[in-house]
There are 2 protein chains.
Amino acid sequence: MSAPKLARVIDIHALKNACSSCSLREMCLPIGLSQDEIDKLDQMVYTRKRVKRGDSVYRSEEKFGSLYAVRSGFFKTTLVMEDGRDQVTGFHMAGDMLGMDGIGADQHSCNAVALEDSEVCVIPYGRLEELSREVYVLQQHFHKVMSREIVREHGVMLLLGSMRAEERLAAFLLNLSQRFTSRGYSASEFNLRMTREEIGSYLGLKLETVSRTFSKFQEDGLIGVQQKNIRIVDSEGLKSVLGRDPS
Amino acid sequence: MSAPKLARVIDIHALKNACSSCSLREMCLPIGLSQDEIDKLDQMVYTRKRVKRGDSVYRSEEKFGSLYAVRSGFFKTTLVMEDGRDQVTGFHMAGDMLGMDGIGADQHSCNAVALEDSEVCVIPYGRLEELSREVYVLQQHFHKVMSREIVREHGVMLLLGSMRAEERLAAFLLNLSQRFTSRGYSASEFNLRMTREEIGSYLGLKLETVSRTFSKFQEDGLIGVQQKNIRIVDSEGLKSVLGRDPS
DNA sequence: CGGAAATGTTGATGTGGATCAAACCAATTA
DNA sequence: TAATTGGTTTGATCCACATCAACATTTCCG
């Protein structure tokens, strides 16, 4: 009588951890894989890890061993200069992959910090390499994920190198909105998980400038701001902030 | 009498194009491969392409098909915004890999333009995928190359987001110097292949600021500048420009 | 060669965003 | 309910870099 019960417990546990039943499978590693192939993934991704707000998944200089797929929650990645200045290099949400910076030198080169209580799937890198030699679609997909990270960073470079404060913040909001949308959340209303200072650090601005610009957007009827809550009122207007000359 | 002659011509040609005899094999794809494996590479990299100064290897939106290893010469990669503003996202020299931005969306997302007459090895991406499924060391190496590109871009983000003009230029010069060194050229004297405007675009500065900062470094005895020729006089001094507060 | 175009330098002035400073607000904790 | 803490807003002022402008130098090419 107890054996079946135990079995069921294990089943439920397996189910909970499986890529095959993950709601993110369409935007995470399993994209395009057959059932067979996803089963292989399930064997590879055998750990889930909770990360409390403020804790990190990995830190700069730490030995690299695994990639991490964000299962739930919200992360920032940061770089720190010798003199202590630091910079946010990205914000990451469910379905995003973390840790690819570590492959090249076999140690991480940034910190991945949870901005709220979160959960990641641990993907042992050696296993991923193995499996992607066997499963073509997986190899292909993994390469795309890395490539897209490169392209994402290109975009940030453009933002930091060529845009004015208002453009940066507009681009930031539109990008967040788009990413929430593609995850099935509202495009027009969401909660920021990061502080003004973190936004500023990401955008190469000071927190006061971020705050002032939010206020200006609000006055101009583009958005509604109330602390961390953002409503996008006029998304076309926001878009038109990009690439319009200073006025 | 003519057969051997022809054969020799072909040999020389093959030799010229072969990864196995390439002087860059220690910093390009062949790193760590056995003779056997390099022979396979030779079959994959069967085209060389000359690119004249000003011409591009690929352009944004173009269909992606191959990666390119810089064999000789010097390149910049650039992004263009809708409104025409453009931004240099990198400078690339012998041994560097170009085109990885194209994998994710199957089309290139930047322009790769030769800053001097150059030569690239064409690496058909499908073949690279195939081969890296067979040859573990190649897979590993390719992943490292992509990862390092991510890390390089992190560095640029830090530079653009957190450094002042002098720091940016010092970091730029030190980086160039280091890359020339690792290719066997002088660490202390080299020729810039790009204009002040291109440097400025890369560093998020105007060309006038670049020019002024060069002059200042010269006055301070850190470098010697004569148009495109740069001599690094006091590399420790240059390093100390980084992360020192405005003075 | 010589003239035009591109590139680089330097000066004078302007400005977007940084810095400094003071409240304000929301969430905890006592 | 008050006190504390971390985050946000807003105003006043400052400065690093942009902009505008004039000129110098190099490169290109008929």
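Numbers restart at 1 for each chain; the letters A, B, ... are given by sequence-line order, proteins then strands.
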- Query: Looking for any heavy atom pair under 4.0 Å, which part of the strands does B:Gly204 touch: base, sugar-phosphate only, or nothing?
  - Reply: sugar-phosphate
- Span of DNA chain D in contact with chain B (heavy atoms, under 4.0 Å): D:dC17 to D:dT26
- Task: Answer yes or no: is there an ion pair linking A:Glu119 with A:Lys49, defined by an N-O contact shorter than 4.0 Å?
- Result: no
- Message: On DNA chain D, does the nearest nucleotide to B:Arg168 precede the nearest nucleotide to A:Ser215 from the 5' side, or the other way round? Give the residue.
- Response: A:Ser215
- Check: A:Arg168 and A:Leu160 side chains under 4.5 Å, non-hydrogen atoms: yes
- Message: What's A:Ser211 touching, base or sugar-phosphate or nothing? Going by heavy atoms closer than 4.0 Å.
- Response: base
- Message: Return the CG to OH distance between B:Asn191 and B:Tyr185, rounded to the nearest 0.5 Å.
- Response: 12.0 Å
- Message: Contact between B:Phe180 and B:Ser186 at the side-chain level, heavy atoms closer than 4.5 Å - yes or no?
- Response: no
- Give A:Glu208 one of three labels, base, sugar-phosphate or nothing, depending on what nucleic acid heavy atoms sit under 4.0 Å from its own. base
- A:Glu116: which of A:Arg53, A:Arg50, A:Lys52, A:Arg193 passes salt bridge (Lys or Arg N to Asp or Glu O under 4.0 Å): A:Arg193
- Check every strand shown and say whether A:Leu205 touches a base, only sugar-phosphate, or nothing at a heavy-atom separation below 4.0 Å. sugar-phosphate
- Result for salt bridge (Lys or Arg N to Asp or Glu O under 4.0 Å) between A:Asp96 and one of A:Arg183, A:Arg148, A:Arg152 points to A:Arg183
- Query: Going 5' to 3' along DNA chain C, which nucleotides are the first and last within contact of chain B (any atom under 4.0 Å from a heavy atom)?
  - Reply: C:dT7 to C:dA12
- Salt bridge flag under 4.0 Å for residues B:Arg59 and B:Glu62: no
- Query: So A:Asp101 and A:Ser109, side chain to side chain donor-acceptor pair (under 3.5 Å) or not? Walk me through it.
  - Reply: CA-CA 6 Å; A:Asp101 57 279; A:Ser109 66; 3.3 Å; yes
- Toward the 5' end of DNA chain C, by each residue's nearest nucleotide, B:Arg212 or B:Met194: B:Met194
